Each structure stands twice: as C-alpha cells, then as structure tokens.
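What follows is one structure encoded as structure tokens, with my remarks underneath.
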Amino acid sequence: METYRLKNIAILILLLLNGCLLLTVGHQRLQSLGTERRTAEQLASLYEGSQLKLDGGIDLFQPSLSPLALSRNPETEQAIASALLGDVAVSTSQGGGIYSYEANWRTIQFRAGGSFYGSHLDLPVEDIPEFAQAFCRAFSYEEPEVKLSGGTGSAVAGQLAGGVPVANCGVELYFEEGRLVSVSGAHVGLQDATLQSGSRMTCVTALVKFLDYRNASGAVCSEVAGVRCVYQLQSVSDARLLPAWEIETDTYTYYVDCGTGEVYGK
C-alpha cells in the first residue's frame with residue numbers, strides 16, 4: 001500500500017512539473033507573439049510615414065539563409081555539356097580552373113566558379129520548349145521563359161539551389177532555325193556544400209535598410225509587394241552562395257546583402 005501511494009505521488013509530481021513547463025513555454029510563446037506584433041506595427045508605421053505601402057501578406061519573420069561554400073562537381077559539368085552537345089562529352093583541363101568538354105567537334109567550357117559558355121554549337125532540336133524544360137528540370141533550373149519565332153529565339157531560366165532561387169545564376173539557350181547554336185550561364189549544386197559562419201539578417205532589418213536606401217536615393221516606388229531570402233552566387237575563385245533579401249516593389253526588384261547590408265537593384 002505504501003509503495004502504491006509513493007508511485008501516485010511521483011506521478012502527480014511529474015504531472016505538475018509537465019504542467020509548469022507547458023505554462024512556461026506558453027507564456028514565452030505569448031511574449032514572442034506580442035513582440036512580433038509590436039515589431040510589425042512599428043515597421044508598418046515607418047513605411048506609412050514614408051508614403052510606402054507594405055503588403056500585409058509578407059511574412060516578416062520568415063527565416064534567413066546561411067552562407068554556403070560549394071565544391072566543384074565534374075560529373076555534373078560533363079552531364080550538362082553532354083546534354084547540350086548531343087553526345088557524351090570528353091573533358092580536357094585548360095589550366096587555371098578551366099575545363100573544356102567536347103563532343104561532335106563542339107566544345108563547352110566551364111570555369112571554377114560555375115560559369116560555362118559554348119558558341120558555334122550545332123544541335124538539332126525538334127521541340128525547343130520541351131528540350132528547354134527537360135534540360136531545366138534535369139539540372140535544377142526554374143521553368144524556362146521561351147521566346148521563339150519560327151524556330152529562332154531563346155530560352156532563359158534561373159538556377160535553384162535546394163529549391164532556393166540563386167538571383168544572379170542561370171542559363172540562356174539560343175536557337176536558330178531549330179538548332180541550338182550557343183549557350184551561356186552558370187550552374188551550382190549543393191553536393192558537398194558546407195555551411196559557413198556569418199551573421200543572419202532578419203527580414204525586418206532588411207526592410208528597414210531598404211526603406212533607408214529608398215528615402216536617401218529617391219528610388220521611385222510606392223509599394224513593397226513581396227520579400228524572400230535568396231542566394232547570390234559569388235564565383236571569383238571558389239564558388240559560394242551568399243544570402244540576400246529580395247525585395248519586390250511595384251517598379252523594380254532590389255536586394256539587401258545579408259553580410260554587408262548593401263542595397264542594390266537587380
């Protein structure tokens with residue numbers, strides 16, 4: 001009987017402890033929500049004072065991204081070159097981090113930072129929109145924007161890294177009379193990517209910096225319609241993905257660098 005009572009007392013104590021923990025977590029969450037509400041109100045007031053509308057659907061507390069160091073992937077480069085040359089491409093080092101990929105007597109060159117280029121290509125393409133879409137799906141680009149007139153034109157798409165847009169990284173395919181004749185762009189992948197240290201900038205901070213920039217520069221816009229955290233490709237030698245806040249206004253798209261706080265246009 002004594003053991004039974006002790007067990008009941010222990011269970012009761014545990015229940016009380018769990019209840020206290022839940023109350024503490026709930027209180028902290030309420031405090032956090034209150035802080036977020038006051039922050040949102042203060043930001044909205046700042047924007048109203050500058051005659052700039054801030055779309056109410058923007059998630060001001062969405063997470064930011066961390067910088068990533070990238071590793072070069074020769075297999076992916078070869079696969080891209082083979083798809084664009086129409087046969088299995090053979091690689092040759094040109095020195096200085098430049099590799100040439102050759103097939104069917106045509107060449108595409110890749111640099112260490114991820115950029116690539118090929119001219120004087122001659123690949124027949126029966127269905128250009130389908131070809132462009134298949135290429136973009138295979139190598140993690142967004143849905144391509146295809147502009148054609150009689151088999152001549154271009155297909156342009158931005159890069160995705162883990163589903164996140166890379167603002168200054170993409171691919172441009174050029175066609176003449178149903179043949180792929182040139183390509184330029186860049187490609188990044190997250191294979192063996194490593195996180196790098198760096199302070200994270202909040203969405204609210206980025207919006208304040210943008211407001212300061214707009215007021216100081218006289219940039220013409222009347223509404224901020226959307227905000228999201230994206231990557232920018234830095235590819236001087238070793239490629240890195242650096243986070244930036246993309247701010248879409250009713251006239252232009254701007255970026256706030258998460259590391260430096262610099263604001264610049266697209």
Side-chain angles (χ1 to χ4, degrees), residues 68-194 231-242 266:
L68 293 173
L70 305 178
S71 297
R72 189 167 189 173
N73 192 312
E75 291 80 9
T76 300
E77 292 181 0
Q78 183 184 40
I80 290 173
S82 298
L84 297 173
L85 295 172
D87 204 346
V88 178
V90 178
S91 65
T92 304
S93 174
Q94 303 298 322
I98 301 174
Y99 275 79
S100 292
Y101 293 86
E102 183 178 351
N104 294 326
W105 300 281
R106 310 292 177 180
T107 300
I108 293 177
Q109 286 191 341
F110 278 80
R111 297 183 178 274
S115 63
F116 59 92
Y117 175 78
S119 61
H120 306 294
L121 307 182
D122 189 32
L123 179 68
V125 179
E126 183 175 343
D127 187 332
I128 291 176
E130 175 56 33
F131 174 85
Q133 290 169 3
F135 177 84
C136 290
R137 284 194 301 267
F139 299 106
S140 299
Y141 291 98
E142 295 176 311
E143 184 73 13
E145 180 182 357
V146 181
K147 296 181 179 179
L148 291 173
S149 177
T152 297
S154 65
V156 179
Q159 176 82 70
L160 295 170
V164 177
V166 184
N168 60 337
C169 181
V171 63
E172 299 182 12
L173 307 171
Y174 300 94
F175 303 87
E176 289 184 5
E177 298 179 354
R179 307 181 82 85
L180 176 66
V181 295
S182 68
V183 59
S184 63
H187 184 273
V188 296
L190 298 186
Q191 304 95 327
D192 301 320
T194 56
Y231 283 122
Q232 297 273 7
L233 175 62
Q234 182 187 75
S235 57
V236 177
S237 54
D238 296 327
R240 293 195 302 159
L241 291 178
L242 304 180
K266 186 172 183 179

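Just so we're clear, the structure is a prediction, and the values are computed from it rather than from any experiment. The figures that follow rest on heavy atoms only: side chains count, while hydrogens, waters and symmetry mates do not.
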(message) What's the separation between atom CG in L160 and atom SG in C169, rounded to the nearest 0.5 Å?
(response) 9.5 Å
(request) Report, as yes or no, whether the 6.0 Å neighbourhood of atom CG on D127 holds more than 12 heavy atoms from other residues, nucleotides or ligands. (result) yes
(message) Can you confirm whether H187 sits close enough to F116 that some side-chain heavy atom of one is under 4.5 Å from a side-chain heavy atom of the other?
(response) yes
(message) Using modelled atom types and a 3.5 Å cut-off, is there a donor and acceptor pairing between side-chain atoms of Q133 and backbone atoms of E143?
(response) no
(message) Within the supplied structure, the quantity of interest is the number of heavy atoms (other residues, nucleotides, ligands) at a distance under 6.0 Å from E130 CD; does it exceed 12?
(response) yes
(message) Can you give me the closest heavy-atom contact between A89 and S82, atom names plus distance?
(response) N-OG, 2.9 Å
(message) Is any side-chain heavy atom of Q94 closer than 4.5 Å to one of T92?
(response) yes
(request) Describe, in one word, how the ring planes of F135 and Y141 are oriented to each other, choosing from parallel (under 30°), tilted (30 to 60°) and perpendicular (over 60°). (result) parallel
(message) Main chain of Y117, side chain of S184: is a donor-acceptor contact present, judged purely on distance under 3.5 Å?
(response) no
(message) Closer than 3.5 angstrom, by distance alone: can the side chain of N104 be matched with the main-chain N or O of L85 as a donor-acceptor pair?
(response) yes
(request) Could you grab the distance from atom CD1 of I108 to atom CD of E102, nearest 0.5 Å is fine? (result) 11.0 Å
(request) Go through the steps to decide whether T76 and Q191 satisfy the test side-chain contact (heavy atoms from CB on, under 4.5 Å), and finish with yes or no. (result) CA-CA 10 Å; T76 300; Q191 304 95 327; 3.6 Å; yes
(request) Would you check if the side chain of Q159 reaches a backbone N or O of S140 as a donor-acceptor pair within less than 3.5 Å? (result) yes
(message) For S100 versus T107, what's the shortest heavy-atom pair and its separation?
(response) CB-CG2, 3.8 Å
(request) Over all heavy atoms of both residues, which pair between A239 and G113 is shortest? Give the atoms and the distance, please. (result) CB-O, 3.7 Å
(request) Check L173 against V171 and note the closest heavy-atom contact, atom names and distance. (result) CD2-CG2, 4.0 Å
(request) Could you grab the distance from atom OG of S91 to atom CD of E75, nearest 0.5 Å is fine? (result) 9.5 Å
(request) Report the residues that fulfil salt bridge (charged side-chain N to carboxylate O under 4.0 Å, His left out) with R111, sequence neighbours left out, ordered by chain and then residue number. (result) none
(request) First locate atom OG of S115, then atom CD of Q109, and finally report the distance between them rounded to the nearest 0.5 Å. (result) 10.0 Å
(message) What's the separation between atom CG in L68 and atom CD in Q234, rounded to the nearest 0.5 Å?
(response) 12.5 Å
(request) Measure the CD1-CZ distance between I128 and R179 for me, rounded to the nearest 0.5 Å. (result) 11.0 Å
(message) Tell me whether R72 contacts the main-chain N or O of G97 through its side chain, where contact means a donor paired with an acceptor under 3.5 Å.
(response) yes
(message) Does any part of the side chain of L70, heavy atoms only, come nearer than 4.5 Å to the side chain of L190, both counted from C-beta?
(response) yes
(request) Taking all heavy atoms of L233 and all of N168, pick out the closest pair and write down the distance. (result) N-OD1, 2.6 Å
(message) For a quick test of reading the model, state the closest non-hydrogen atom pair linking Y101 to A81 and the distance between them.
(response) CB-CB, 3.4 Å
(request) For the pair K147 and E172, find out whether any cationic side-chain nitrogen is under 4.0 Å from an anionic carboxylate oxygen. (result) no
(message) For F175, run the side-chain contact (heavy atoms from CB on, under 4.5 Å) check against L121, V146, V125, L123 and tell me which one passes.
(response) V125
(message) Using the side chain to side chain contact (heavy atoms under 4.5 Å, CB included) criterion, which residues pair with A167? Sequence neighbours excluded.
(response) V230, Q232, Y255
